[in-house]
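Inspection log for the structure reproduced underneath, given as structure tokens.
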There are 2 protein chains.
Amino acid sequence: MTADTASLSAPETLSLRERKKLRTRTALVDTALALFTERGFDGVTLDELCDAVEVSKRTFFRNFASKEQVASAPLEALWDGLRDDVERLSFGHAPVLEMLQEALLAALERLDDGGAWVTRVRQSRELAERTPSITAYGLQYCDRTSAAVEATLQRKLGLNPADPRPRLALDLVVASFHAALRTWTAKPGTPTHAALAAELRSVFAVLPGALTFTTA
Amino acid sequence: MTADTASLSAPETLSLRERKKLRTRTALVDTALALFTERGFDGVTLDELCDAVEVSKRTFFRNFASKEQVASAPLEALWDGLRDDVERLSFGHAPVLEMLQEALLAALERLDDGGAWVTRVRQSRELAERTPSITAYGLQYCDRTSAAVEATLQRKLGLNPADPRPRLALDLVVASFHAALRTWTAKPGTPTHAALAAELRSVFAVLPGALTFTTA
DNA sequence: AGGCTTATGCTCCTGAGTAGCACTTTGAGC
DNA sequence: GCTCAAAGTGCTACTCAGGAGCATAAGCCT
């Protein structure tokens with residue numbers, strides 16, 4: 001479930017079997033991103049990808065649920081991180097929206113491994129921009145994770161399940177990240193982790209204005 | 001089997017050919033929703049669906065891009081309506097968010113055909129809840145439509161393309177509708193168009209609270 | 001070491017979605 | 001009315017994503 005997070009933060013306290021599995025998983029992600037970027041998502045068959053990693057298709061589907069997932073893996077790690085944060089964190093009585101914003105920034109911070117993750121995110125994002133099915137998968141994963149986070153919030157904070165505000169706040173945070181991702185990807189030059197975090201903070205800052213701004 | 005389901009803008013001045021095409025399209029949507037509801041999305045093959053409607057698979061794929069789309073058709077009509085509204089409406093100086101809310105409510109109103117559409121939406125929604133690929137497709141369609149609406153807003157209002165607020169406002173409206181849809185679907189009894197509109201207004205009303213509410 | 005668990009490979013299968021070709025229907029020009 | 005081009009449709013064959021069963025090998029435990 002959190003294999004993604006583990007694969008990218010790479011703790012060395014894993015058994016040999018688990019490390020091996022992680023190696024093939026990482027190899028699949030990296031090779032997939034490279035091949036998809038080079039020849040397009042539809043231009044690469046799973047057989048080709050598996051041949052390149054020297055792994056059977058069976059093994060591929062034990063690590064990923066679909067061809068789209070392997071291309072979305074980097075971002076899934078972020079949402080998994082957010083989910084784990086909300087599960088772990090103790091909530092005070094600050095506004096829920098701010099808590100979620102902090103949790104996402106913390107999850108993002110935790111994925112800073114010196115550039116490897118952020119490079120994968122950039123590739124994944126550019127692929128998603130020209131491949132609708134990847135976008136679809138990613139959005140569905142966000143949706144599912146958001147539902148899980150909402151349930152956790154309700155449980156930990158004793159909220160009324162009929163209250164739509166927690167989920168709206170969550171959707172707002174997710175929308176903010178997507179907005180940050182768009183502008184970050186559009187910027188030329190070497191993409192950095194810090195720049196992405198800065199974009200996200202910037203979007204968070206203008207968020208209240210999204211409700212009130214007028215044309216004039 | 002009577003009026004138009006999706007892809008509105010349908011005056012009664014359709015040519016015979018266009019009416020025929022629309023009839024097969026509607027038959028495909030209704031039959032698909034019925035079969036999927038009865039035996040599950042994965043329990044029905046396209047061949048079976050096409051046999052039931054007495055149409056070839058080739059014809060199916062001329063009307064729909066995927067198996068998921070035919071199950072999402074009712075909601076696509078709503079987003080298409082929102083897109084058309086924003087394209088058509090003249091914007092005053094009111095807050096953009098309120099304009100979008102009004103536009104969505106207007107699009108929803110326009111789809112009130114006495115219960116046929118709303119029944120299909122209910123079926124489509126219940127299918128999406130237990131079929132991830134339908135959810136994925138629907139979210140991707142929302143995303144694409146939102147991008148188009150954002151572009152229209154920028155053009156008509158002369159906004160800065162780097163300003164994330166229009167898209168955030170849009171995402172907020174979309175998230176509100178999804179929240180309304182969830183609670184509307186969860187309610188037992190015969191689903192009505194008016195009840196859905198009421199849910200949506202209700203979510204719009206608590207929207208500002210989503211930014212500020214606290215646990216205590 | 002030996003048994004147990006788990007990953008992996010191999011092979012066969014279903015079904016979504018595409019493409020080529022031929023046939024029918026519709027709408028427009030004569 | 002008649003013809004013809006264009007569009008819709010059916011049929012068929014094909015590619016490829018994804019799943020299932022069975023056998024093997026590798027890692028883990030006592």
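Protein chains get the first letters and strands the later ones, always in sequence-line order, with residue 1 at the start of each. Values in this document were obtained by computation on a predicted structure and should not be read as measured data. FYI, side chains are in, hydrogens and waters are out, and symmetry mates aren't considered; it's all heavy atoms of this structure.
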Side-chain donor-acceptor pairs of residues 169-181 of chain A under 3.5 Å, sequence neighbours excluded:
from	atom 1	to	atom 2	distance (Å)
A:Asp171	OD1	A:Arg167	NE	3.1
A:Ser176	OG	A:Leu172	O	2.8

Legend entry - d(CG, A:Asn63; C1', C:dA7) in whole Å: 10 Å
Inset, instruction - Name all residues meeting the side-chain contact (heavy atoms from CB on, under 4.5 Å) criterion together with A:Ala148; count only those two or more places apart in sequence or in a different chain, and write none if there are none. - result: A:Arg83
Inset, instruction - Using a strict cut-off of less than 4.0 Å between a Lys/Arg side-chain nitrogen and an Asp/Glu carboxylate oxygen, indicate whether B:Lys187 and B:Glu199 qualify as a salt bridge. - result: yes
Inset, instruction - Determine the contact category for B:Gln69: base if any of its heavy atoms lies under 4.0 Å from a base atom, sugar-phosphate if only primed atoms, P, OP1 or OP2 are that close, otherwise nothing. - result: nothing
Legend entry - B/S/- contact track for nucleotides 11-19 of chain D, protein heavy atom under 4.0 Å: B----SBBS
Legend entry - Atom-to-atom span, CG of B:Leu49 to P of C:dG17 - whole angstrom: 12 Å
Inset, instruction - Applying ring-ring contact (aromatic ring centres under 6.0 Å, His included), name anything that partners A:Phe41, two or more places apart in sequence or on another chain. - result: A:Phe36
Legend entry - Length of the CG-P vector between A:Asp51 and C:dC10, whole Å: 10 Å
Legend entry - Contacts of type salt bridge (charged side-chain N to carboxylate O under 4.0 Å, His left out), residue B:Asp163, not counting sequence neighbours: B:Arg165
Legend entry - Distance, rounded to the nearest Å, where B:Glu54 contributes CD and D:dG8 contributes C1': 17 Å
Legend entry - Nucleotide D:dG8, atom C1' - distance to CZ of B:Arg25 in whole Å: 15 Å
Legend entry - Between C1' of D:dG8 and CG of B:Leu28, the distance in whole Å: 13 Å
Inset, instruction - Could you tell me whether the phosphate oxygens of D:dG8, OP1 or OP2, come under 4.0 Å of any side-chain nitrogen or oxygen in B:Thr24? - result: no
Inset, instruction - Just call it for B:Glu48: base, sugar-phosphate, or nothing, with non-hydrogen atoms closer than 4.0 Å on any strand. - result: nothing
Inset, instruction - Under the salt bridge (charged side-chain N to carboxylate O under 4.0 Å, His left out) rule, collect the residues that match up with A:Arg39, sequence neighbours excluded. - result: A:Glu48
